[in-house]
Amino acid sequence: MATSAEADWVSRFADEVIAEAERRAPGKPIVCASGLSPSGPIHLGNLREVMTPHLVADEIRRRGHDVVHIISWDDYDRFRKVPAGIDSSWSEHIGKPLTSVPAPPGSEYANWAEHFKAPMIAALAEMGVEYHGISQTARYTSGVYREQVLFAMRERERIDAILDRYRTKDKPAAARKPQQKLDEADAAAAEAAAEGSGAASEDDGTADAGYFPYKPYCSVCERDLTTVIAYDDETTELSYTCACGHSETVLLSEHDQGKLVWKVDWPMRWAYEGVVFEPSGVDHSSPGSSFVVGGQIVKEIFGAEQPIGPMYAFVGISGMAKMSSSKGGVPTPADALEIMEAPLLRWLYARRKPNQSFKIAFDQEIQRLYDEWDALERKIDDGTALPADVAAYSRAIGTAAGPLPETPRPLPYRTLASIVDITTGHAEQTLRILRDLDPERPITSLEETRPRLDRAERWVTTQVPAEQRTRVRDEPDTELLGSLGHGERESLRLLLDGLDDHWSLDGLTALVYGVPKVQAGLAPDAKPTPELKVAQRGFFALLYRLLVGRDTGPRLPTLLLAAGADRVRKLLGA
RNA sequence: GGGCCGCUAGCUCAAUGGCAGAGCUGCGGACUUUUAAUCCGUAGGUUCAGGGUUCGAGUCCCUGGCGGCCCA
């Protein structure tokens with residue numbers, strides 16, 4: 001196993017967490033935690049909230065310790081605002097728990113929270129992330145946190161005093177910030193991240209009647225537009241009014257409609273679950289943030305310790321086509337898994353330390369990424385990979401539970417992309433080209449190249465701009481054909497005459513290079529001269545013009561095979 | 001105004017106080033190869049600046065600069 005000299009960041013955290021857990025709660029399962037708010041699409045930035053503890057927990061599990069990774073679904077949080085694209089009538093639900101808001105129109109799910117949890121759950125399963133999901137709605141409405149709620153109310157003055165250390169006197173006057181130079185995706189991601197972490201502009205529970213760390217959801221309208229006006233520690237009688245006009249008095253010792261405010265809720269759960277490791281976004285790094293305040297509350301009020309909590313930086317996106325960003329503008333893990341295999345996505349999160357930001361490629365960069373991945377695999381095989389690279393690789397391809405599915409014949413992604421581009425995904429043609437790629441070890445079934453083939457195809461169809469796609473002409477370019485000189489006509493004739501006898505990848509390769517040689521009076525297998533190379537290039541450009549209407553394109557033999565002999569004859573004016 | 005993080009080769013990043021290193025790009029070569037093909041070779045550095053601690057600092061401390069973000 002990894003010694004300290006070759007440990008990566010995951011291993012180092014695992015060391016620390018194991019030691020801490022041993023000190024805090026010897027003999028009990030080690031608890032790592034993530035929190036996710038299903039208030040909208042759960043995007044690739046939020047995935048870091050899960051992957052960071054996942055990787056650490058997995059390392060701990062690999063070492064044979066008992067460990068649990070909790071994902072807390074903050075589905076009892078209030079519905080804050082109606083996102084763009086949703087009917088404005090949803091505004092009547094603002095203030096309700098996310099589990100009490102109807103799912104977006106057309107959804108098969110019971111409510112807003114379930115609708116956005118579902119794709120994340122599917123993605124985590126595909127990525128091999130093992131976790132214990134906890135619905136905060138279920139926790140609060142079943143009274144699990146009863147004692148913690150009553151305790152927090154009893155201690156409200158001390159909590160208020162802690163919060164007060166960070167309150168600033170003059171609330172308003174928050175000068176509008178100058179126009180940021182973020183592009184749309186970044187801005188949306190930053191906003192979504194802030195939403196998810198519950199950091200910004202959270203009502204901390206201050207009211208005229210005093211401070212109360214508990215906020216009831218109204219029994220009539222379900223919204224949290226409530227104000228606590230009285231509370232009795234002895235009887236636990238709590239009186240509130242709601243903006244809807246309703247008012248009532250309930251026994252908090254029996255009442256289950258409401259929750260602790262975020263800055264108290266989070267530390268309460270650290271204490272309740274005994275969380276040893278939980279990361280947080282960089283937006284928690286300022287004084288007064290819920291992470292900083294929570295650290296004091298968990299210690300001074302709940303008598304527990306704050307988790308070891310690395311701050312993680314944002315995850316960016318490069319080149320996401322506007323169209324397919326799933327309804328929210330920011331791509332989700334499901335979006336990424338459409339164009340890359342799960343180990344690749346895991347690798348991105350494993351190889352960078354949490355405090356490093358990185359980008360996930362939806363553009364051409366993904367080809368480079370895959371090249372790098374394949375090169376790493378070769379280095380692992382021949383033993384020349386660096387220890388940290390080996391660690392990241394092993395965390396990417398599987399978990400303590402076993403390896404993730406892999407592609408049996410991992411052909412270069414760029415090759416697959418190029419092939420599906422020109423065959424437009426046609427299975428028979430794709431297989432024919434794949435079979436001819438390596439005659440020594442011919443591919444006999446598309447299955448051998450899956451799932452990578454499917455990811456490449458998905459990438460080509462959803463992410464490659466139309467102007468970069470190869471589109472074989474439907475009709476011949478009669479104008480260009482008509483303007484050709486004698487030599488050019490002759491070259492096309494030589495090519496067409498040879499088509500039937502050279503209809504294979506190698507045959508066509510010899511043919512397309514041979515035509516200019518024959519024209520120059522050389523033997524088809526003559527060594528190329530500089531002049532000949534110029535002639536070849538000119539000939540190729542002519543063919544590309546006639547076949548795809550541009551000067552360049554996929555390698556000609558592949559292109560000819562994909563287009564088919566009949567179409568080639570038609571387009572070349574036979 | 002306060003805070004967090006970052007700054008190392010052209011780019012993306014390694015280096016846990018102990019010889020500054022990879023990938024890509026570039027350059028040279030091989031190849032009958034083409035949407036950034038592949039293989040071989042090679043170059044590339046005031047580690048943001050200044051000071052301090054140390055036998056030894058990219059790494060630790062202080063001051064400053066620049067960038068990103070958060071809070072006010």
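Each chain gets a letter, A, B and so on, in the order its sequence line appears, and its residues count up from 1.
- Going from the P atom of B/C4 to that of B/C60 covers 15 Å, rounded to whole Å.
- Spacing between B/A15 and B/A57 at atom C1', rounded to whole Å, works out to 13 Å.
- Between A/Asp15 and A/Arg63 there is a salt bridge, with a side-chain nitrogen of the basic residue lying less than 4.0 Å from a carboxylate oxygen of the acidic one.
- Atom CG in A/Asn355 sits roughly 13 Å away from atom C1' in B/G68 (whole-Å rounding).
- Positionally, the nearest nucleotide of RNA chain B for A/Arg352 lies more toward the 5' end than for the other of A/Arg469 and A/Arg352.
- Only the C1' atoms considered, B/U59 is 13 Å distant from B/A14, to the nearest whole Å.
- In this entry B/A9 has no Watson-Crick or G-U wobble partner, no candidate having both defining distances under 3.5 Å.
- Across B/C11 and B/G51, the matching P atoms stand 26 Å from one another, rounded to whole Å.
- B/C40 and B/C31 have their C1' atoms separated by 11 Å, with the value rounded to a whole Å.
- Here the closest heavy-atom approach between residue A/Leu44 and residue A/Ala336 is recorded as CD2-CB, 3.9 Å.
- Pairing of B/G50, defined by two Watson-Crick or G-U wobble distances under 3.5 Å, is identified with B/C62.
- In this structure, A/Asp421 atom CG and B/A36 atom P are separated by 12 Å, rounded to whole Å.
- For the pair A/Leu495 CG and B/U32 C1', the computed distance is 16 Å after rounding to whole Å.
- B/U25 sits 23 Å from B/U46 when the C1' atoms are compared, rounded to a whole Å.
- Across all strands shown, B/A15 forms no Watson-Crick or G-U wobble pair with both distances under 3.5 Å.
- Rounding to whole angstrom units, NZ of residue A/Lys359 and P of B/C69 are separated by 12 Å.
- Checked for salt-bridge contact, A/Arg351 and A/Glu372 meet the test: a charged N lies under 4.0 Å from a carboxylate O.
- As a whole-Å value, the separation of A/Glu365 CD from B/U25 C1' is 12 Å.
- In this structure, B/C69 forms a base pair with B/G3, meeting either the Watson-Crick or the G-U wobble geometry with both donor-acceptor distances under 3.5 Å.
- Atoms CZ (A/Arg378) and C1' (B/G23) sit 12 Å apart, rounded to a whole Å.
- Base-pair partner of B/C31: not found among the strands shown (Watson-Crick or G-U wobble, both distances under 3.5 Å).
- Between A/Arg351 atom CZ and B/C24 atom C1' there is a gap of 11 Å when expressed in whole angstrom units.
- Base pairing analysis places B/G26 opposite B/U42; the two distances defining the Watson-Crick or G-U wobble pair are each below 3.5 Å.
- Computed from coordinates, the A/Arg414 CZ to B/U33 P distance equals 18 Å when rounded to whole Å.
- Separation of the C1' atoms belonging to B/U32 and B/U42 is 26 Å when rounded to the nearest angstrom.
- A donor and an acceptor atom sit less than 3.5 Å apart, one in the side chain of A/Thr470 and one in the base of B/U35.
- Between A/Tyr349 and A/Phe358, the ring planes lie perpendicular to each other; the angle is over 60°, past the 30° to 60° tilted range.
- Classification of the A/Trp262-A/Trp266 ring pair by plane angle, with boundaries at 30° and 60°, yields parallel.
- The nucleotide B/A37 finds no pairing partner, because no Watson-Crick or G-U wobble arrangement with both distances shorter than 3.5 Å includes it.
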